[in-house]
A.B. asks: 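To start, I am sharing the structure in question, which I have written as structure tokens.
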Amino acid sequence: MASYEFRRIEKEWQRRWAEEGTFRALNKSEQPKYYVLDMFPYPSGAGLHVGHPLGYIASDIISRYKRHQDFNVLHPMGWDAFGLPAEQYAIQTGQHPAITTEENIRRYREQMDNIGFSFDWSREVKTSDPSYYRWTQWIFIQLFNSWYNINTNKAEPIDKLVAEFEHAGNANVRAACEENGIFSAEDWKGYTEKQQSDILLNYRLAFLSEAMVNWCPALGTVLANDEVKDGVSERGGYPVERKLMTQWSLRISAYSERLLHGLDTIDWSDSIKEAQRNWIGKSEGTSLHFKLKDHKGSIEVFTTRPDTVFGVSFLTLAPEHELVDQLATDEYKEAVSAYVTMAKNRSERDRMADIKNISGQFTGAYAIHPFTGNPIPIWIGDYVLAGYGTGAVMAVPGHDSRDYDFARHFNLPILEVVSGGDLSVASYDAKEGELVNSDFLNGLDVKSAISKAISEIEKRGLGTGKTNYRLRNAVFGRQRYWGEPIPVYYENGIPKCMELQDLPLVLPEVDKYLPTETGEPPLARAKNWTYKGFPLENTTMPGWAGSSWYYVRYMDPGNEENIASQEAIRYWRDVDLYIGGTEHATGHLLYARFWCKFLYDIGKIPFDEPFRKLVNQGMIQGQSCLIYRVNNTNKFVSSGLRNQYETTPIHVDVKLVSGNEVNLEQLKQWRPEFDDAEYELENGKLICGTEIGKMSKRWHNVVNPDNICNDYGADTLRLYEMFLGPLQDAKPWSTQGIEGVLRFLRKLWRLFHNNPDETFYLSDEEPTKAELKTLHKTIKKATEDIDNFSFNTSVSAFMVCVNELQDARCNKRAILEPLVVIISPYAPHIAEELWKLCGHNQSIEREPWPVFKAEYLVENEFFYPVSFNGKVRFNKNFALDMEPIEIEKQVLSDEQTQKYLEGKTPKKVIVVKGRIINVVA
RNA sequence: GCCCAGGUGGUGGAAUCGGUAGACACGCAGGACUUAAAAUCCUGUGGCCGCAAGGCUGUGCGGGUUCAAGUCCCGCCCUGGGUACCA
């Protein structure tokens, strides 16, 4: 048996691993734990493409490496199984989304098994399984039954709050909540049950409220902010509108500060942390009240630049601001109401597209400047957002570019209060310069002016220092079928949670997966959708509910009493390494952190950050193939000829292309429109153009890993994906180069089969110094590289090693056995097979990682490059322990030195031990 | 606009602390073995000049620091990703 039969070997070992449960992790162990997690996939109908395994291969290498280092490794996989595509498919075909999802999962599993991952499949979870979502519903009920106490800075039971209300009203309560009036204990006791329920909803962490939401008519549902990109839905790209609706939401804003601070304690990339910081959007400033002229009351604004208060030349209110109606004078009433109507009817996308067009309307009313007493005109403008701060701004056109544009457009005064800019050209927004035209602030720099202004504002009772966050509460209800039912029923209109022992609330059967005639969500179609005789909630949870806590469930997936047992949670704790894409930066990764902190608050888990280290793998892009159709004809021309015509590029399936030549016969069979078309070729070939982009069905550029496994083997696929480049970088898929990796594995195989008849043979001879050096420098490099996630360079280190051993004709056990161990995390199948051939009965999986010994790398000589003014001219051997002064002497007396000195006298000689010699002349 | 990455041969990419730029691999060219193919092996391969020895040049562009710069500093340009009237 000579050749490297990867198909046989890989199938055989995949079967053995499954049979022997090689990768099963125990919840009790004397070994230290290591938890390696992949972002679990949504099993889509398209199956895995070669981009998906990239992160899984990296996490698998780490898992296997840690097992070699005697860690008890938890490396699970599961399915984010609720989601829109399966439901859209159900709407079209009537097939239950559970069936579609099941089929897709089976396909994904098969594809993953082909690659030889070391997942512990006994811990598989599926978010759409009632035994799983029972606990998602359980967490929702805990959120409903909790409020956020700012005094203790954590979530607490709502019962405690009710007790406080009964005892002393809400005067002493500091909570993350909606605006509430002050009420006494007597007031509280006098409220009806409905009134009490409404007030408590303002405090609960899962709450029902009427709010502006992102409504997507095409999907028939609301969306969270992170599910809307550029004014259209992230899934499907459908337009999104603003709409006032009663909705379930989660009070993530209560955790803004902790979510922000937690970032400093975790090992994530700067770009993801930065994205989360921006999304949370903390800004510190002050509130300031402007009294109204000829009116009672005042307008409160929020500003981060109280130093510029003397530069205020008008106020701007959001069109939705509550005072807009009252303020408009008779003269302006009509114009104001027309403007407000116009602003409200604009969709999110129109508004964004229209960003450069400045619009606004004067109300006719004036406020009074709190320091100068001057009248300040009050305007409405849609550049002011109702949802942020107070929905009103003090406009300082001199030092805020948006106010500047608005002032320019409506010809309002622009005052300079910070020197340093040229206000005839642009506003001067920088926070440096000296205050001018500003009464008691004159002469101060911006920083001191800010503190002076705040203390003055507070002293005069005009406002207080204040912190705002951009982070909005997360809309939690979806008007869709394929999601977790929200375990809430309505007793006489009052929302109540189901009893915990009655969970799970299982998704009911419906006749169609569409809204009802009256516009109710699909669940309203279910028969007897009631609890204790009362109607149940009709919306379901969003896609991110199940994924916000799945890492906990893996620790103890079968538990029926709890989200996971305390023993399991205390042993496994947080995730040591989390690998996944950057697309979840402000969605999943923020929600999971939020739920983690909440579970921590209620004492369910002993850590408050879920993912200690996060590594983002780059996207593997697809290479699309384009052919060119001459406009208004059925004629296609080869890429090189396309400039002679007006053409339109058409995407064709990458399977029809080899190199850059399109297989015409296959093309004609692929789609009927190509069969009877005319072709103009180059040298008898139809050459296609290429384009790099996302791998997707739509562009016909999807490459299935199954084909690669079949043609080259799983080990080759694994090594090749790692060899492509740094894990974090985006890179287009191309099979150019995959041959080199297969060649490398064959060479490795041949080292063990070096008998004349090419059978297995290893020698027990003592290795030479050179062989030991080769081995140990590879151990060193491979270990350092794995620790740095530099997988591409360790693959090349293996190649160098095998090349050197081949040149040395090395077939010694003492060298080759440790080599197999360090290669095994990357290419586990061939490693297991060689290990077995070496005479071992146990899987290589638990074999200790070889220990690097520096003594084998010690050299006593170094072949120094000798440079003159930085240019290397020749090399010369010197002992490493030779004194620099002696090296200098020998270099200067070398005959070649005279040649390169070109008659100049050397000024000095720099000798860097073991590196370089530089002669300065 | 703002924030974050990044820019190195024909291609993917290497290069600890500033110390021989281009490791490893692909591709290409030439050769060996073979009836042939596959497989395998050997040699060469940044550019320019040269038969060669050798020389010059070279890490997006322009400056600077240094004995020495892909690496550090200043100013630009370009590409990818995120985000956007957040006061």
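In what follows, chains carry the letters A, B, and so on, assigned in the order in which the sequence lines appear, proteins first and then strands, with residues in each chain numbered from 1.
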A.B. asks: Side-chain donor-acceptor contacts of residues 720-734 of chain A below 3.5 Å, not counting sequence neighbours, with atom names and distances?
C.D. replies:
from     : atom 1 : to       : atom 2 : distance (Å)
A:Tyr720 : OH     : A:Ser734 : O      : 2.5
A:Tyr720 : OH     : A:Gln736 : O      : 2.8
A:Glu721 : OE1    : A:Leu54  : N      : 3.4
A:Lys731 : NZ     : A:Pro726 : O      : 2.6
A:Lys731 : NZ     : A:Asp729 : O      : 3.0
A:Ser734 : OG     : A:Gln736 : N      : 3.0

A.B. asks: Output a table of donor-acceptor pairs, distance under 3.5 Å, between side-chain atoms of residues 387-401 of chain A and any protein atom two or more places apart or on a different chain; print 'none' if there are none.
C.D. replies:
from     : atom 1 : to       : atom 2 : distance (Å)
A:Tyr388 : OH     : A:Ser283 : OG     : 2.8
A:Thr390 : OG1    : A:Glu300 : O      : 2.6
A:Thr390 : OG1    : A:Ala392 : N      : 3.4
A:Thr390 : OG1    : A:Ala392 : O      : 3.3
A:His399 : ND1    : A:Tyr428 : O      : 2.8
A:His399 : NE2    : A:Val417 : N      : 3.0
A:His399 : NE2    : A:Val418 : N      : 3.2
A:Asp400 : OD1    : A:Arg402 : N      : 2.9
A:Asp400 : OD1    : A:Arg402 : NE     : 3.2
A:Asp400 : OD1    : A:Asp403 : N      : 3.1
A:Asp400 : OD2    : A:Arg402 : NH2    : 2.5

A.B. asks: For B:A5 and B:G58, measure between their P atoms and round to the nearest Å.
C.D. replies: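 Rounded to whole Å, the distance is 29 Å.
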
A.B. asks: Quick one, give me the B/S/- string for nucleotides 22-33 of chain B, reading 5' to 3', where B means a protein heavy atom under 4.0 Å from the base and S means that only happens at the primed atoms, P, OP1 or OP2.
C.D. replies: -BBSS-------

A.B. asks: Quick test: give all pairs of protein nitrogen or oxygen and nucleotides 65-67 of chain B nitrogen or oxygen below 3.5 Å, distance rounded to 0.1 Å.
C.D. replies:
from  : atom 1 : to       : atom 2 : distance (Å)
B:C67 : O2'    : A:Asn918 : ND2    : 3.0
B:C67 : O2     : A:Asn918 : ND2    : 2.7

A.B. asks: Nearest nucleotide by nearest heavy atom, which residue falls closer to the 5' end of RNA chain B, A:Ser867 or A:Pro732?
C.D. replies: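 Result: A:Pro732.
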
A.B. asks: Quick one: sort the A:His588 and A:His584 rings into parallel, tilted or perpendicular, breaks at 30° and 60°.
C.D. replies: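 Rings of A:His588 and A:His584: perpendicular, as their planes differ by over 60°.
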
A.B. asks: Going by side-chain contact (heavy atoms from CB on, under 4.5 Å), name the residues that satisfy it together with A:Phe862, two or more places apart in sequence or in a different chain.
C.D. replies: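 Testing A:Phe862 for side-chain contact (heavy atoms from CB on, under 4.5 Å), a comparison that skips the adjacent residues, returns A:Tyr864, A:Pro865, A:Leu880.
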
A.B. asks: Can you pull out every salt bridge (charged side-chain N to carboxylate O under 4.0 Å, His left out) where at least one residue sits in residues 774-795 of chain A? Sequence neighbours excluded, please.
C.D. replies: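 The answer is A:Lys777-A:Glu804, A:Lys780-A:Glu784, A:Lys781-A:Asp785.
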
A.B. asks: Considering only the C1' atoms, how many Å lie between B:G10 and B:G18, rounded to the nearest integer?
C.D. replies: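 It comes out at 30 Å once rounded to the nearest Å.
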
A.B. asks: The criterion is side-chain contact (heavy atoms from CB on, under 4.5 Å); which residues satisfy it with A:Lys907, sequence neighbours excluded?
C.D. replies: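 Partners of A:Lys907 under the side-chain contact (heavy atoms from CB on, under 4.5 Å) test: none.
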
A.B. asks: Quote, to the nearest angstrom, the C1' distance that separates B:C85 from B:U79.
C.D. replies: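 It works out to 27 Å between them.
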
A.B. asks: Please enumerate all residues that pass side-chain contact (heavy atoms from CB on, under 4.5 Å) together with A:Thr897, with sequence neighbours excluded.
C.D. replies: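 With sequence neighbours excluded, A:Thr897 shows a side-chain contact (heavy atoms from CB on, under 4.5 Å) to A:Phe868, A:Phe874, A:Val891, A:Leu892, A:Asp894, A:Leu901, given in chain and number order.
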
A.B. asks: Any pair with a residue in residues 303-322 of chain A that passes salt bridge (charged side-chain N to carboxylate O under 4.0 Å, His left out), sequence neighbours left out, goes on the list, sorted by first then second residue, please.
C.D. replies: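 The answer is A:Arg305-A:Asp307.
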
A.B. asks: Which class fits the ring pair A:Phe410 and A:Trp379: parallel under 30°, tilted 30 to 60°, perpendicular over 60°?
C.D. replies: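 Correct class here is tilted.
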
A.B. asks: When you compare B:G63 with B:A52, how far apart are their C1' atoms, in angstrom units rounded to a whole number?
C.D. replies: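 Nearest-Å result for B:G63 against B:A52 at atom C1': 40 Å.
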
A.B. asks: Would you measure the distance from the C1' atom in B:A36 across to the matching atom in B:A25 and give it in whole Å?
C.D. replies: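 These two C1' atoms come out 29 Å apart once rounded.
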
A.B. asks: Can you name the residues that form a side chain to side chain donor-acceptor pair (under 3.5 Å) with A:Asn918, not counting sequence neighbours?
C.D. replies: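 Partners of A:Asn918 by the side chain to side chain donor-acceptor pair (under 3.5 Å) criterion, ordered by chain and then number, come out as A:Ser867.
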
A.B. asks: Anything under 3.5 Å between a protein N or O and an N or O of nucleotides 54-56 of chain B, put it in a table, one pair a line.
C.D. replies:
from  : atom 1 : to       : atom 2 : distance (Å)
B:G55 : OP1    : A:Tyr900 : OH     : 3.4
B:C56 : OP2    : A:Arg873 : NH1    : 3.2

A.B. asks: Which residues pass the salt bridge (charged side-chain N to carboxylate O under 4.0 Å, His left out) test with A:Arg746, sequence neighbours left out?
C.D. replies: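 Not a single residue meets the salt bridge (charged side-chain N to carboxylate O under 4.0 Å, His left out) criterion with A:Arg746.
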
